[in-house]
Amino acid sequence: MKTTHTTPRQVHVTETLDVQTVERELSRLWMENAGRARAEDEVEETAVMRARVLNLLVYVSSDAALGEVNELLSEVTGAHPCRAIVMLAEREREDLDIEMFVSSYCQAVDVAEERRLCGEQLTLRACGRFAVELPSAAEPLLVPDLPVFLWWRDRPRLNDRVFRKLSHAADRVVFDSADFLEPHKDLLALDSLLQKERAAHTGISDLNWARLTSWRGLLASFYDVREYRAALDNINRVRIEYVAPASVKEEIAPKALILAGWLASRLGWRVADTQREEKDDEARRKVLMERDGRKIVVEFQSVERSQTMNGWIARIELSADAPSARLLFVVARSEDGRYLETRTTTNDEERASRLLVGGDKTEAELLGRELEILGHDRIYEEAVRSAALILEALEA
Amino acid sequence: MTSPTETIENPLRAGIRLERTAEPCVVTIFGATGDLTKRKLVPALYSLMQQRLLPAEFAILGFSRPEMTDEEFRARLREAFMEYGDKETFDEAVWESFANGMFYMSGDFADANAFQTLRSRLEAIDNERGTEGNRIFYLSTAPSFFGLISEQLGKAGLNESEGWTRIIVEKPFGHDLESARGLNSELAAVFQEEQVYRIDHYLGKETVQNLLVFRFANSIFEPLWNRQYIDHVQITNAEAIGVEGRGAYYEEAGVVRDMIQNHVFQVTSLIAMEPPASLSANGVRDEKIKAMQAVRPIPLKSVDEFAVRGQYGAGYVLGDTVPGYREEPGVSPSSSTETFAAIKLYFDNWRWAGVPFYIRSGKRLPKRVTEIAIQFKEVPHRLFTETDEPLEPNVLVIRIQPNEGITLRFGAKLPGQMMRIRWVNMDFRYGSSFGVHTPEAYERLLLDCILGDSTLYARRDMTERGWEIVTPILDAWKRSATDFPNYEAGTWGPKAAFDLIERDGRHWRRL
């Protein structure tokens with residue numbers, strides 16, 4: 001369904017925000033929308049339905065990102081009509097006090113019945129030192145009694161004042177650990193944030209974790225097979241091949257660390273010891289883990305792929321020496337990124353394999369999915385905890 | 001709804017926001033060269049595989065009379081997918097990988113040796129594909145073969161295996177009560193009831209499943225869901241199409257056999273049932289059958305008071321001139337088969353005493369629509385007397401197709417000095433609210449069967465109860481003469497259908 005946006009209209013903002021002025025502007029906008037819809041359709045009864053099922057706070061730091069967000073919101077708001085409050089904070093620019101724009105977006109729900117489902121967007125822009133005032137301007141504009149989602153569409157700045165203020169106002173924070181500028185340091189910061197938030201009401205969504213869902217599903221599916229289930233207790237080696245993150249090529253992609261952390265936390269593995277490979281092979285790393293005296297080697301290997309795949313998982317191998325057989329489970333992404341292949345080998349003999357379309361969901365699809373969830377994702381929190389322990393062991 | 005697969009402990013499954021995934025298995029399709037396999041089954045299985053809901057250890061074995069190699073079978077299904085499947089999701093390499101698990105054997109349903117060969121083939125596939133002896137037999141054949149195939153499977157020892165064995169039976173399930181009971185007995189002689197999955201694709205529709213959620217996950221509706229507040233219920237199942245080349249089949253069936261005794265009654269039972277104690281397959285189906293057992297029997301001599309039949313003549317539908325039923329290919333020029341029926345049912349139980357359920361279903365009606373309308377009682381005292389406009393009752397409409405959704409109609413004051421009331425609809429639309437792919441009915445039902453969840457399949461008692469309710473109607477109609485054709489194509493059925501509801505002081509909804 002096509003979404004149409006109205007041209008954003010600037011609202012005069014006094015030094016202290018007047019919420020009533022904003023609401024009045026929105027009411028005017030809605031009356032105009034209804035009038036325009038009637039005129040366009042030449043139908044007296046055209047209905048404009050103003051729908052809001054959530055508040056969506058969005059944080060961006062550049063004009064380019066604002067443009068991308070507007071595009072993405074067109075896709076997302078069809079399924080999640082909301083009041084979107086988009087904050088553009090250009091911190092490096094010259095000081096500029098908050099500017100505000102209001103606009104609406106509509107989607108024809110049913111052409112035959114001339115109904116339009118509409119939501120509204122408030123855009124706040126501030127530069128320089130005024131950027132820190134954005135949370136205090138956005139918060140009063142939230143629609144009461146609706147859940148609040150914060151989509152931090154910028155490099156996650158987990159200790160940043162604006163981030164902290166906005167995340168405290170939100171029921172759920174959505175960010176993307178693929179955007180970490182310093183993956184290792186930021187992952188450790190994420191772990192401490194999650195530990196702090198554990199008792200708080202704010203849930204955390206990581207789009208990078210959402211992208212791992214299909215990998216997790218495929219790995220889990222190996223053990224849905226009765227015959228292989230016992231192998232979970234006999235895994236002795238995990239090898240994760242990843243494409244290095246764009247930001248710091250020498251560091252392990254957060255996705256690879258979180259995937260290893262997920263396996264470790266689900267299967268009850270603890271870090272036992274770490275071993276580095278030779279110095280001339282910096283990208284190759286190993287961690288020794290254990291459970292009930294059984295050793296498991298977790299190995300990370302950087303591989304080359306096209307730039308569009310930076311930070312992606314390329315392949316994962318789980319090896320198990322079960323009493324009856326030697327088992328190898330592999331999920332691999334094709335070189336062009338288009339397919340995922342799963343393969344099971346017993347005593348070097350291939351048992352079952354399949355090829356699946358492996359493209360990731362779009363950012364809008366991932367975000368849309370996260371907007372359906374409130375509350376904590378304990379599995380993610382535990383995966384990040386284990387990932388942080390693995391990382392600490394690697395860096396020890 | 002839980003299933004055995006979901007309860008198996010796999011620590012890696014915890015918290016995965018994925019749909020349910022299935023155990024390894026092989027699906028044997030009898031009648032694999034038929035239309036259903038091409039149009040529905042293979043596209044549904046391919047889609048499930050694309051959504052990663054099927055395991056790598058999965059196979060399809062086609063069983064039919066024509067001679068064909070595995071390769072020819074695969075090529076045939078590929079061609080069919082390109083014609084009937086969703087081409088946008090097609091990927092050559094993925095299809096190749098999927099097709100590696102497709103096999104074919106030719107055989108005659110009457111030949112016991114063919115079933116021994118089938119047994120060997122299945123054992124070989126178990127070894128080759130790791131399908132662990134889990135088997136589904138899908139009877140996609142003419143109903144006359146259901147009993148025979150079931151018997152042959154039993155004789156070949158294929159009604160049980162090292163894993164699990166299930167059998168899916170397509171509709172129509174019998175031609176009348178006697179034949180339905182006969183078929184059930186034939187199946188019961190070989191399979192346990194828990195192994196039998198009688199498909200009713202209506203139950204696979206998302207909105208039908210939503211009825212359970214709507215009724216039992218919302219506390220605001222259930223207190224109103226009874227004779228105290230509901231005046232009556234209308235269930236409409238209208239098709240704009242005619243018999244579409246199935247004249248010969250339809251001549252033997254008619255709308256009561258084809259739609260009402262199965263699909264429409266399934267939906268009716270979901271509206272009328274009591275809250276189940278659990279969402280287990282039998283928890284839900286026990287309550288559905290309990291509700292249908294409360295349907296007041298229609299006495300043979302009073303059928304005309306409770307049921308109306310019709311047959312369309314030539315007319316205009318959706319801007320086209322269309323022939324009458326008797327002019328359709330394969331239809332007798334003096335046919336007395338009904339293409340429309342309206343029935344009034346009462347449920348003699350605590351919840352529904354005195355609340356009529358009006359059901360209508362027909363072909364060549366003005367448009368395709370399936371909906372349930374719950375009409376609430378009028379307010380007890382008329383407060384707004386400034387105008388003579390009648391107060392309309394509140395209506396809750398659950399629309400199953402098209403534009404699946406739920407609408408609540410209520411009165412609101414028109415802006416202005418006058419106290420005038422305008423009736424407005426509050427809409428919830430599936431498509432626009434969730435904007436996600438809703439699975440095809442066959443996808444849902446096939447996956448449910450693989451998962452061992454029979455909630456959305458018809459149980460033996462329900463199929464027989466459907467026939468019990470309509471038997472007096474069919475018997476009475478068989479004995480009396482018709483005035484067919486008695487409604488013009490593109491209209492809402494014969495005048496008698498309007499009389500049926502209007503003599504109770506009510507009206508069919510204008511759709």
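Hydrogens, waters and symmetry mates play no part in the numbers below; they use all other heavy atoms, side chains included. Throughout, protein chains are lettered first and strands after them, A, B, ... in sequence-line order, and every chain is numbered starting at 1.
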Peer 1: Measuring from N208(A):CG to I313(A):CD1, what's the distance to the nearest 0.5 Å?
Peer 2: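 Interatomic distance, N208(A) CG to I313(A) CD1, rounded to 0.5 Å: 8.5 Å.
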Peer 1: Kindly indicate whether a cation-pi arrangement holds for R78(B) with F73(B), taking the cut-offs as under 6.0 Å to the six-membered ring centre and within 45° of the axis.
Peer 2: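 R78(B) over F73(B) ring: no.
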Peer 1: For E290(A), is the CD atom crowded, meaning more than 12 foreign heavy atoms sit under 6.0 Å from it?
Peer 2: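 Yes, because the 6.0 Å sphere around CD of E290(A) holds more than 12 heavy atoms from other groups.
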Peer 1: Does any heavy atom of chain A fall under 4.5 Å from the side chain of N134(B), the backbone, both, or neither of them?
Peer 2: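 For N134(B), side-chain heavy atoms alone lie under 4.5 Å from chain A.
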Peer 1: Heavy-atom pairs under 4.5 Å with chain B: which of T342(A), L212(A), T344(A), L267(A) has the most?
Peer 2: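 The candidate making the most pairs under 4.5 Å is L267(A).
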Peer 1: Tell me, do T28(B) and R135(B) make a side-chain contact under 4.5 Å, heavy atoms counted?
Peer 2: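 With C-beta onward as the side chain, the pair stays apart.
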Peer 1: So for L232(A), is it side chain, backbone, both, or neither that comes closer than 4.5 Å to the heavy atoms of chain B?
Peer 2: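 Contact with chain B is through the side chain of L232(A) alone.
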Peer 1: Chain B heavy atoms under 4.5 Å from R338(A): which part of the residue, side chain, backbone, both or neither?
Peer 2: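 Contact with chain B: side chain only.
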Peer 1: Under 4.5 Å heavy-atom distance to chain A, tell me which part of E96(B) shows up: side chain, backbone, both or neither.
Peer 2: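 Neither part.
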Peer 1: Given a strict heavy-atom distance threshold of 4.5 Å, which part of L355(A) is in contact with chain B: side chain, backbone, both, or neither?
Peer 2: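 For L355(A), the contact with chain B is made by backbone and side chain together.
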Peer 1: Quick one: what part of L340(A) sits under 4.5 Å from any heavy atom of chain B, side chain, backbone, both or neither?
Peer 2: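 The answer is the side chain of L340(A).
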Peer 1: Counting only heavy atoms not in E160(B), do more than 12 fall under 6.0 Å of its CD?
Peer 2: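 Atom CD in E160(B) is not crowded, with 12 or fewer foreign heavy atoms closer than 6.0 Å.
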Peer 1: Flag this pair as yes if the NZ/CZ of R509(B) is under 6.0 angstrom from the six-membered ring centre of W492(B) and inside a 45 degree cone about the axis; otherwise no.
Peer 2: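 Judged by the rule (NZ or CZ under 6.0 Å from the ring centre, within 45° of its axis), R509(B) is not positioned above W492(B).
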